[in-house]
Amino acid sequence: DNLIICPIHNCKFVRKVFEGKPKPSFVKVNSYWAPCITKQNNLYVLYFALSVWGGEGTAGIGVATSKSPEGPFDIVGNGKLFNSAEVGVKNSIDPYFIEDNGKKYLIWGSFRGIYGIELTTDGLKVKSINNKFQLGGTYFEAAYIYKRNKYYYLFASIGSCCEGDNSRYQTVVGRSNNLKGPYLSKNGGSMLSNQYTVLLSGNNKFIGPGHNSRIMTDKNGKTWMLYHAYVRGKSQNGRTVCIDEVKWTKDNWPYFDGNSPSSSKKSIYDCCYIFI
């Protein structure tokens, strides 16, 4: 539960997210992952995942707030936004927040379907626990939606994320004209039926590129994506966070050169360590 502020190439440890504050209590764990921090009104809202290994039924998503992006963060209630049993989706982890047409949504899921649900206007509660909608099938986790021009792009990860040199994680994508889908691959297959277009696979330097966490545009109009991967032969050191340029075809599909992480040293924007 450490919070690290990283201006790409100059990382600085700030503090533990809940330092000096009560920690979430709805799942008995000491670690939290897949954070998503957004600014809503005058607060920074943190969504995060909690689970124990094999605890698909008790997994859940938490919420906390702070007046500063550096925290510390105060949990809302006992920290719970919802758990798997309440929302009817096993393995409810990997949250992502998006606002669309004045409404706030949480997107989540891990190999039991990718789902979305509308939040209240303050982003701190679910508007109706029974009104979830499904975006993707059971091949995916770590969903991230990016809107560009007329399309919504659903980025997700498939395969084994956490097995070091044996990991087979990949980043995939589909797109839609509507936030709620349907999301289709380049070949027209539905992500609800576990169809997808592969964006990033491992290469001779990096293994298991996936779980992208942010897509952003720089002042020159170039698009960049954050994700994590293992360095081949050094997976014992854990996964590293990387940044690479997203390029776009004439018919508005994202792609990466070589469909894999870059590995040259020509600029700080090549795939590189940010933190472990």
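Every value quoted in this text rests on a predicted model; they were computed, and no experiment measured them. Basis for what follows: all heavy atoms, side chains included, without hydrogens, waters or symmetry-related copies.
- Transitive grouping of hydrophobic side chains (ILVMFWY, heavy atoms separated by less than 4.5 Å) brings I158 and Y183 into a common cluster.
- Because its NZ or CZ atom is not both nearer than 6.0 Å to the ring centre of F18 and within 45° of the ring axis, K23 does not count as a cation-pi partner of that residue.
- S157 contributes a side-chain N or O that, together with a main-chain N or O of H211, makes up a donor-acceptor pair within less than 3.5 Å.
- S185 and Q195 form no side-chain donor-acceptor contact under 3.5 Å, judged by distance and modelled atom types alone.
- In this view, R148 and Y146, Y153, W248, N252 satisfy the side-chain contact (heavy atoms from CB on, under 4.5 Å) rule, not counting sequence neighbours.
- You'll find the side chain of T120 stays beyond 4.5 Å of the side chain of V126, heavy atoms only.
- Using modelled atom types, one side-chain atom of S84 and one backbone atom of A59 make a donor-acceptor pair closer than 3.5 Å.
- Note: the hydrophobic cluster containing Y169 does not contain I215 (ILVMFWY, side chain heavy atoms under 4.5 Å, direct or indirect links).
- The stretch residues 126-147 participates, sequence neighbours left out, in these salt bridge (Lys or Arg N to Asp or Glu O under 4.0 Å) pairs: E118-K127.
- N178 CG: more than 12 foreign heavy atoms inside a 6.0 Å radius.
- There is a side-chain donor-acceptor pair under 3.5 Å between D251 and T249.
- A donor-acceptor contact shorter than 3.5 Å is absent between the side chain of S260 and the backbone of L200.
- For the pair V27 and N83, the minimum side-chain heavy-atom distance is 4.5 Å or more.
- Residue pairs meeting the salt bridge (Lys or Arg N to Asp or Glu O under 4.0 Å) criterion with at least one member in residues 41-69, sequence neighbours excluded, are E56-R112.
- F140 and F155 fall within a single hydrophobic cluster, where Ile, Leu, Val, Met, Phe, Trp and Tyr side chains are chained together by heavy-atom contacts under 4.5 Å.
- Between D165 and Y230, the side chains place no donor N or O within less than 3.5 Å of an acceptor N or O (distance only, hydrogens not considered).
- Of the possible polar contacts, one joining the R15 side chain to the G71 backbone as a donor-acceptor pair under 3.5 Å is found.
- Donor-acceptor pairing under 3.5 Å is recorded for the side chains of Q40 and T38.
- Residue pairs meeting the salt bridge (Lys or Arg N to Asp or Glu O under 4.0 Å) criterion with at least one partner in residues 72-88, sequence neighbours excluded, are K21-D74, K80-E86.
- Heavy-atom neighbours of K90 NZ from other residues, nucleotides or ligands within 6.0 Å: at or below the threshold of 12.
- Residues passing the side-chain contact (heavy atoms from CB on, under 4.5 Å) test with T138 are N194, sequence neighbours excluded.
- Side chains of Y152 and D100: a donor on one and an acceptor on the other come within 3.5 Å.
- Judged purely by atom type and a 3.5 angstrom limit, R168 uses its side chain to pair as donor or acceptor with the backbone of N166.
- Between the D94 side chain and the A142 main chain, a donor and an acceptor come within less than 3.5 Å of each other.
- In terms of heavy-atom proximity, G202 sits nearest to P209 at N-CD, 3.6 Å.
- In terms of modelled atom types and a separation under 3.5 Å, the side chain of N187 and the main chain of G189 share no donor-acceptor contact.
- L179 and L135 make their closest contact through O-CD2, 3.7 Å (heavy atoms, listed as atom of the first residue, atom of the second, distance).
- Annotation: W108 is in aromatic contact with F82 [ring centroid separation under 6.0 Å].
- Looking only at distances, no side-chain donor or acceptor of K104 sits under 3.5 Å from a matching main-chain atom of L119.
- There is no side-chain donor-acceptor pair under 3.5 Å between S128 and N130.
- Between the side chains of W224 and D244, no donor-acceptor pair is found at a separation under 3.5 Å.
- Residues L50 and P24 share a closest heavy-atom pair of CD2-CB, 4.0 Å.
- For Y139, the OH atom is loosely surrounded, since the number of other residues' heavy atoms within 6.0 Å does not exceed 12.
- The hydrophobic cluster containing Y196 also contains L154, counting ILVMFWY residues as joined when their side-chain heavy atoms lie under 4.5 angstrom apart, directly or transitively.
- The same ILVMFWY cluster, assembled from side-chain heavy atoms under 4.5 Å apart, contains both I129 and L106.
- Take K247 and apply the side-chain contact (heavy atoms from CB on, under 4.5 Å) test, not counting sequence neighbours, and it matches E245, Y255, D257.
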